Structures are given as C-alpha cells and as structure tokens.
Number of protein chains: 2
Amino acid sequence: MDACCSPVCCEPLSEADALEMATRLKALADPTRLRLFSLVASQEQQCACDLTEPLHVSQPTVSHHLKVLTDAGLLNREQRGKWAYFSVSAEALEDLARFLDPAELVSQA
Amino acid sequence: MDACCSPVCCEPLSEADALEMATRLKALADPTRLRLFSLVASQEQQCACDLTEPLHVSQPTVSHHLKVLTDAGLLNREQRGKWAYFSVSAEALEDLARFLDPAELVSQA
DNA sequence: TAGTCGTATCGACAGATGTCTATATAAAGG
DNA sequence: CCTTTATATAGACATCTGTCGATACGACTA
C-alpha cells in the first residue's frame with residue numbers, strides 16, 4: 001500500500017488511480033465501519049472480541065467489516081492464539097489524508 | 001458544513017457523527033465521482049458542459065454525481081445564464097483531511 | 001413566440017452492499 | 001478426543017446505488 005498518486009486537487013485523476021483511491025475511501029464510507037475503525041484507532045490495539053458489543057451488530061457483520069478494512073490496508077491484523085488483534089495502519093491513513101489535502105487547491109470555498 | 005467532530009483516531013465516534021462523516025466520505029468513494037471531483041479541483045472553476053466528455057458517461061449521470069458532491073458540501077454550484085459552474089469547497093475538503101489526520105494516533109503500522 | 005441549448009429530473013434496471021442466521025474452522029482446555 | 005470459545009465463511013435477502021434513455025425545465029436567441 002503506497003501513496004498511489006498526487007493529491008486530488010493537483011490534476012485530473014486517471015481511471016486507475018480513481019478506482020484505487022475510491023476503494024480505500026469506500027472502506028471508510030460506511031457508518032458502522034467508520035465507528036469500528038475509530039474504536040480500533042482509539043486503542044493501541046483491539047481484540048475483535050471486544051468490538052461486537054459496542055456496535056450493536058452481529059459477530060459475522062463485525063468480522064466482515066474488519067476484513068474490508070484490512071483488505072483496504074487501513075487495519076493490520078495479528079493472530080494470537082484464538083484471538084485476532086487489529087491496529088490502525090498509520091501509513092495508510094496518512095496517505096488518505098495527504099490525498100485529500102487541499103493545500104494546492106487554486107479555487108476557494 | 002462544519003468540522004463535525006474530532007479526528008477519527010482520537011476517540012470512538014458516536015453513531016450520529018459516524019453517519020455524517022460516512023456520508024461525506026461516501027460522496028468521494030466512487031471512481032467516477034472522484035474523477036469528476038478532481039476535474040473540478042484542477043481548475044478555478046468548471047462548467048458542467050465540459051465535464052461529460054472526459055468521463056465517458058452520460059450527461060444525466062454527470063448531473064447526478066455533481067448533485068451528490070454538492071449536497072455533501074464538497075462542491076459549490078453557481079448558475080450563470082444557462083450554464084452551471086462548480087468549484088471545490090476548500091473548507092469541506094480540509095475538514096475531511098483533518099478528520100483523517102493520524103497525528104494523534106497511538107498505535108503504529 | 002419558437003426554437004435551441006444546457007442542465008436537471010424521472011423511471012427503470014442491473015449489480016453492489018450491509019445485514020442476518022447457520023455453519024465451518026481453528027485453537028485451547030478438560 | 002470432545003467441548004468450548006473466537007473468528008471466518010456461506011448463503012440469503014432487502015436495500016442502496018450507478019447508470020441509462022426519455023423528458024421536463026429554464027434561459028438565451030433568431
């Protein structure tokens with residue numbers, strides 16, 4: 001998972017770059033998944049076993065969302081015995097924030 | 001459109017905040033829409049009439065995507081005669097980038 | 001006032017997506 | 001081994017979404 005491309009404001013995205021960045025954004029663009037991500041981000045790491053209850057969704061649903069976030073590179077997964085621990089990929093998050101940086105934007109609000 | 005909430009890394013999001021931020025992220029989480037956004041962002045402003053051809057989708061589809069982006073607060077719309085001009089809301093984009101800022105993240109990749 | 005041009009809306013439709021229950025897998029512990 | 005526990009997968013289903021063609025709306029123009 002690397003930075004992919006220049007910020008969205010600098011130049012028109014190619015179809016390939018747009019597809020890649022949209023996929024990463026889509027991983028965060030769901031309320032339940034975003035809450036899940038923020039739960040993990042709020043701790044050093046999180047055991048999946050502690051994530052089902054606060055979200056009020058079923059265990060398979062949490063597992064599904066964790067997979068989506070992990071596949072997108074936004075979460076790191078580590079197996080320890082029968083437990084799965086997740087942590088945020090600071091690098092991936094930084095890439096996203098940099099991609100959305102309006103620094104080089106010419107127009108104004 | 002204001003900043004909504006503290007960065008995703010600081011503390012668990014409420015359901016309401018997660019819904020709001022997910023909605024904004026969702027507006028950018030589509031390849032065609034992201035390309036459209038980057039096309040607008042690359043110029044001071046863009047006439048809708050110039051946005052259909054480079055995207056290879058129909059005019060109603062472009063109009064639909066422009067509405068989604070505008071409703072999300074990411075684009076500003078201005079009518080001039082029979083033309084519609086769009087520009088990026090630097091403020092909204094900045095809010096998003098700040099929301100995703102990993103600065104206060106405790107864990108590491 | 002007709003006609004043309006730019007844009008938005010409508011209605012339809014296929015495909016994607018979030019959720020669930022049921023079940024499989026895998027690791028520990030008796 | 002057999003059971004328990006944590007997590008993942010499978011399959012189903014309702015809803016959402018991106019796209020289109022057809023058409024309506026609004027503003028300029030001849």
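Order of the sequence lines fixes the chain letters, A, B, ..., with proteins taken first and strands second; residue numbering starts at 1 for each chain. Just so it is clear, the model here is predicted, and its values are computed rather than measured. Below, all heavy atoms of this structure are taken into account, side chains as well, without hydrogens, waters or symmetry copies.
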Grab the CZ-P distance between A:R33 and C:dT19 for me, whole Å please. 8 Å
Over how many whole Å does the gap from B:Y85 atom OH to D:dA27 atom C1' extend? 14 Å
Rounded to whole Å, NE2 of A:H56 lies from C1' of C:dC20 at a distance of 17 Å
May I ask you to evaluate whether A:S58 reaches the phosphate of C:dT19, defined as a side-chain N or O under 4.0 Å from OP1 or OP2? no
With a 4.0 Å limit, can you tell me whether A:S63 has a side-chain N or O closer than that to the phosphate oxygens OP1/OP2 of D:dT7? no
Of B:C47 and A:V57, whose nearest nucleotide on DNA chain C comes first from the 5' end? B:C47
N or O in side chain of A:H64 less than 4.0 angstrom from C:dC20 OP1/OP2: no
Please tabulate, one pair per line, all N/O donor-acceptor pairs under 3.5 Å involving side-chain atoms of residues 46-60 of chain A, not counting sequence neighbours.
residue : atom : partner : partner atom : Å
A:Q46   : NE2  : A:L39   : O            : 3.4
A:S58   : OG   : A:T61   : N            : 3.4
A:S58   : OG   : A:T61   : OG1          : 3.0

Run the numbers on B:L93 and A:C9 for side-chain contact (heavy atoms from CB on, under 4.5 Å), then give the verdict. CA-CA 10 Å; B:L93 196 58; A:C9 288; 3.3 Å; yes
Which nucleotide in the set C:dT19, C:dT17, D:dT5 lies at the smallest distance from any side-chain heavy atom of A:T32? C:dT19
Where the side chain of A:R24 meets the backbone of A:A72, is there a donor-acceptor pair that is under 3.5 Å apart? no
Between C:dT17 (P) and A:H65 (NE2): distance, integer Å: 12 Å
Return the value, rounded to whole Å, for the distance between atom CG of B:D30 and atom C1' of C:dA16. 11 Å
Can a donor-acceptor pair be found between the side chains of A:E11 and A:S6 at a distance below 3.5 Å? yes
Return the nearest nucleotide to the side chain of A:P60; candidates are D:dA8, C:dT19, D:dC20. D:dA8
Candidates C:dT9, D:dT19, C:dG6 - which lies nearest the side chain of B:C49: C:dG6
Looking at A:T61, I'd like to know whether one of its side-chain N or O atoms comes within less than 4.0 Å of OP1 or OP2 on C:dG18. no
d(NZ, B:K82; C1', D:dA24) in whole Å: 16 Å
Report the distance from atom CZ of A:F86 to atom P of D:dA8, rounded to the nearest whole Å. 5 Å
Integer-rounded Å distance: C:dA8 P and B:L66 CG: 7 Å
Test item: A:T32 and A:H65 side chains (from C-beta on) under 4.5 Å apart, heavy atoms: yes
The side chain of A:Q59 lies closest to which of these nucleotides: D:dA8, C:dT7, D:dG26? D:dA8
Between D:dA6, C:dG6, D:dT17, spot the one nearest the side chain of A:W83, thanks. D:dA6
